Amino acid sequence: MRLTNTLTGEVDELRPVQPGRVGLYVCGVTPYAAAHVGHAMSLMVYDVLVRYLRWPGNPAGGYQVLFTSNYTDVDDKVIERARESGMDPLELSERNIQQWEQEQTLLGLTLPDVRPRVTQEVESILEMIQEIVGHGLAYPTPSGDVYFRVRSKADYGKLSHRDIDQLRQGTRFEPGDEKEFPLDFALWKAAKPGEPAWDSPWGKGRPGWHIECSAMARRYLGERFDVHGGGLDLVFPHHENEIAQAEAAAGQDGTDPDAPPVFADIWMHNGMVTRDNTKMSKSLGNVVSVEEALERWGPDPIRMFVLTSHYRASNNLTDEAMAAATAGVERLTTALRPSEDWESQPDAMASTSDREIDAPDYRRRFIEAMEDDLATPRALSVLFNLARAINRAREASQDVSAAQAELRGLAGVLGLRLAQPTAEAEALLDAVALSRLAADLSVSCGGTDAASTVEALIEARQAARADRDFARADRIRDALAEAGVVLEDSAAGTRWSVRR
RNA sequence: GGCCACGUAGCCAAGUGGCAAGGCACGGGUCUGCAAAACCCAGAUCGCGGGUUCGAUUCCCGCCGUGGCCUCCA
C-alpha cells in the first residue's frame, strides 16, 4: 500500500518494520472540551486505514495492527478550562475522555488498542527527557523548566520543510525568557501554584506539550515504527518536535546521514474540516460537536461525507453536502435490500446468462483504489457502480445475493454499516402522534405501539386503493410521510421505512 | 511578509499528456392509479494568460482567487 509521506514529500510504499505487523500512532485529542466533527473526521480516516490494513482481503492478506492514540490529559488549555469552570483539571479531562470514547463507539470508530494518557506516563516521559539532556540536546533553566536545544539539531525542520532561519523570523524573546534560542521549546514545565505537578530531577512540574507523544509512541510501538498520523495543522510544530525529541533521545543530532532510522517511517496527515468554507473555531461559534452531528445526521452519513473526499484534502461541511451524503448512504442501503422486498423475484432460469455481476472485478478495483494512498473517493465510486449493477441485475430477475455480499463486505471495510431500517429507527417514531393520526383518519388498530399503528394505517390505505378511493389512500400516505414514515408500493406489497 | 496546498458541471468530489470517475440536486423517459424506489437518457471544452508538445485539464512560468501553517488546534 502506498501513502503520502509528509517527511519525504512523496507517496511511499508501506514496508512494515516487522513483516505482517503495522505499528500506528495517531495524535489524539487534548480533552479540554467535547470533541467536534474535525476530531471525528481525523479519527475516521485512521479508522478506515486500520480496517483496511486488518482486512484479510488486502494484498498483504491482512496485517496485525497495533493502533495507539494518546490523550494529552494535562496541558495549559485543560488547566485554563478547569480553572474557568472551577473544576479539577484531571476531572475535566476524565469527563471529556469518557464522552469522547462513547461517541467514538457511536460513530463506529475502532477504539485504539492502546490509549495512553500523559498523567499515567510521566515516568517514561521523564526518562526520555533525561536522555535528551544527557545527549546535550536539552537544558534545564534556573526556574526548573527544561528546553529542547533546537540549534543543536542540525536537521530540525525536515518534516515541515522549513529551516531554522526562516522560522526564526517573527519570533522573539519574551521578557524574562530563559530560552537560549527563541525556537527552543519546553520538554518540562516547572509547576505554578495550584497546577497538577509531578516530581522530577528539576523540581516539581509537568511535561511540555510535544514530549508525551514521542515517549508514548516509543514505549508502545518501539524506537522505530511504521505510520504516524494526525491533522495537517500538527505538522508544525508538534510533529516536527516529536521527531526532534525521538531522534535526540537516540543520540542523533542530525549530522550523521547514515544514522539508523528512528521513530515513524511514514508521516500521514489528514486535511481539516471547514464549516460553510470557514475553519471551525470557538470564536466564530461555528463548531459542530460530535454530539450534534450524530443527532442530526447519524454515523453512516458522517462517514460517507468524510470518505467522499480524499483524506489529505480539506472537507467542507455544509447542510447540502450532508444531505448528499445521506442520500448516498440510502442508495447503497437500498441495493442491499433482500430480494423478497422487490417485485421481481430471482428467476433460476434467468441467472444463467452471461450478464452475471463480476464481483471479483469490483473487489479488484476497490483494492486498487485503497492501495493508492487510501483513495476512498474512488473506492466509493466502485461501491456505487456495484450498487447500480445489483439494481440492474435485480430488474433482470437475476440472483444478486453474491454481489450483495460483496458490496456489504467492501462497505464494511470502509466502516459503513448500511443497516436496513429496523426497530431502532422505529423508536424514533412518536407512537402517540401516530395513533392520534389513525384516529383522525378513522382507522382502528390493535396495538398501541408505533409499528402496529403504521401497519394498520397501511392496511387501511390498501383497502382504500382496492376501492379505488385514491384520495383517501393518498391522504393516509401523506400523513404518514409527515410522521416520518415513507411508503413504497410494489407487487410484493407495501414496504415502509423511517426517514428523519 | 515567508513556506505549502488547492481552484474540474448548480453543489460535493475523483482522475489522466490523447474520447473528463462517482454522489447529490435539476430536466426528460420507463415502471406506477399517483408517488416512492429502481433503471435509461441528457448535462463540464477542467480559474485566467502565456510557454513546452503532434497534442495539456494533466508539465513549466505569470496572474487572480481560496485555504492551511509560521502562536494553541484533529
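So you know, we letter chains A, B, ... as the sequences are listed, proteins then strands, and number each from 1. Everything numeric in this text was worked out from a predicted model, so none of it was measured.
For the C1' atoms, the distance linking B/U8 with B/U45 amounts to 12 Å, nearest Å. Nucleotides B/C3 and B/G62, compared at atom P, are 12 Å apart to the nearest Å. Rounded to the nearest Å, the gap between the P atom of B/G7 and that of B/G47 is 8 Å. With both ends at atom P, the span from B/C31 to B/A21 equals 30 Å, rounded to whole Å. B/A5 and B/A44 have their C1' atoms separated by 24 Å, with the value rounded to a whole Å. Between B/C61 and B/A42, the two P atoms lie 39 Å apart (nearest whole Å). On the C1' atoms, B/U58 is 30 Å away from B/C26, given to the nearest whole Å. Comparing the same atom, C1', in B/C24 and in B/G43 gives a spacing of 14 Å after rounding to whole Å.
Counting non-hydrogen atoms under 4.0 angstrom, A/Gly230 reaches the backbone sugars and phosphates but no base. Contacts of A/Val273 with the nucleic acid, taken as non-hydrogen atoms under 4.0 Å apart, include base atoms. Nucleic acid contact class of A/Gly271 (heavy atoms, under 4.0 Å, all strands): base. Nucleic acid contact class of A/Asp75 (heavy atoms, under 4.0 Å, all strands): none. Using a 4.0 Å heavy-atom criterion, one finds that A/Leu487 contacts the bases of the nucleic acid, with or without backbone contacts as well. Among the heavy atoms of the strands lying under 4.0 Å from A/His310 are primed sugar atoms or P, OP1, OP2 only; no base atom is included. Contact annotation for A/Ala327: backbone-only contact, meaning every heavy-atom pair under 4.0 Å involves sugar-phosphate atoms and none involves a base.
Regarding A/Arg378, its CZ atom lies at a distance of 13 Å from the C1' atom of B/A13, rounded to whole Å. With rounding to whole Å, A/Glu320 atom CD is found 8 Å from B/C12 atom C1'. A/Asn241 has its CG atom 14 Å from the C1' atom of B/C69, to the nearest Å. Here B/C6 presents its P atom at 16 Å from CG of A/Asn315, a figure rounded to the nearest Å. Between the CD atom of A/Glu242 and the P atom of B/A74 there is a distance of 12 Å, rounded to whole Å. Taking atom OH of residue A/Tyr362 and atom P of nucleotide B/G22, one finds them 11 Å apart after rounding to whole Å. In this structure, the OH atom of A/Tyr156 is 11 Å from the C1' atom of B/C70, given to the nearest Å. We find that NE2 of A/His239 is positioned 14 Å from P of B/C69, with the value rounded to whole Å.
Looking at A/Asp145, its side chain never comes within 3.5 Å of a backbone N or O of A/Lys189 through a donor-acceptor pair. A/Ser314 places no side-chain N or O within 3.5 Å of a backbone atom of A/Val273 that could act as its donor or acceptor partner.
Here the side chains of A/Val227 and A/Phe67 are not in contact, with every heavy-atom distance at 4.5 Å or above.
When the nucleotides B/G23, B/A14, B/A74 are ranked by their closest atom to the side chain of A/Arg331, B/G23 comes out on top. Ranking B/A36, B/G2, B/C40 by closeness to the A/Arg162 side chain, first place goes to B/G2. Checking B/G2, B/A38, B/A74 against the side-chain heavy atoms of A/Met272 singles out B/A74 as nearest. For A/Phe236, taking side-chain heavy atoms from C-beta onward, the closest of the listed nucleotides B/A74, B/C69, B/A38 is B/C69. Here B/A74 is the nucleotide among B/A74, B/G2, B/G23 with the atom lying nearest to any side-chain atom of A/Asn270. Nearest nucleotide to the side chain of A/Asp489, out of B/A74, B/G23, B/C34: B/C34. Closest to the side chain of A/Thr30, from the set B/C39, B/A36, B/A74, is B/A74.
A residue-by-residue look at A/Ala321 and A/Ala325 shows that A/Ala321 has its nearest nucleotide of RNA chain B further toward the 5' end. Two residues, A/Arg312 and A/Phe384, neighbour RNA chain B, and the one matched to the more 5' nucleotide by heavy-atom proximity is A/Arg312.
Base pairing of B/G1 is made with B/C70, judged by Watson-Crick or G-U wobble geometry with both donor-acceptor distances under 3.5 Å. Across every strand in view, B/G43 sits unpaired, with no contact that passes the Watson-Crick or G-U test at under 3.5 angstrom. Partner assigned to B/C26 is none, using Watson-Crick or G-U wobble distances below 3.5 angstrom. Across all strands shown, the partner of B/C59 is B/G51, judged by Watson-Crick or G-U wobble contacts whose two distances both fall under 3.5 Å. Base pairing annotation: B/C6 forms a Watson-Crick or G-U wobble pair with B/G65, both donor-acceptor distances under 3.5 Å.
Using a 3.5 Å distance cut-off with no hydrogens or angles, the side chains of A/Thr494 and A/Glu488 do not pair a donor with an acceptor. One side chain, A/Asn385 or A/Arg365, offers a donor N or O that lies under 3.5 Å from an acceptor on the other. Residues A/Tyr32 and A/Glu80 bring no donor and acceptor atom of their side chains to less than 3.5 Å of each other. Side-chain polar atoms of A/Tyr25 and A/Glu242 form no donor-acceptor pair below 3.5 angstrom.
Salt bridge absent: A/Asp358 and A/Arg364 never bring a charged side-chain N and a carboxylate O closer than 4.0 Å.
Every residue meeting the ring pair (Phe, Tyr, Trp, His ring centres under 6.0 Å) condition with A/Phe225, not counting sequence neighbours, appears here in chain and number order: A/Phe263.
Note that A/Arg162 lies in the cation-pi zone of A/Phe236, set by a 6.0 Å cut-off to the ring centre and a 45° limit from the axis.
The stretch residues 102-112 of chain A does not touch RNA chain B, since none of its heavy atoms comes less than 4.0 Å from the strand. Within residues 457-481 of chain A, the residues having any heavy atom under 4.0 Å from RNA chain B are, by residue number, A/Arg461, A/Arg465, A/Phe470, A/Asp474, A/Arg477.
For B/G23, one of the phosphate oxygens OP1 or OP2 lies less than 4.0 angstrom from a side-chain nitrogen or oxygen of A/Arg388.
Aromatic ring centroids of A/His269 and A/His239 lie under 6.0 Å apart.
Nearest approach of A/Leu111 to A/Glu101, heavy atoms of both residues: CD2-O, 4.4 Å.
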Go through the steps for A/Tyr71 and A/Glu212 under the test side chain to side chain donor-acceptor pair (under 3.5 Å), then give the verdict. CA-CA 9 Å; A/Tyr71 294 117; A/Glu212 82 281 15; over 6 Å; no
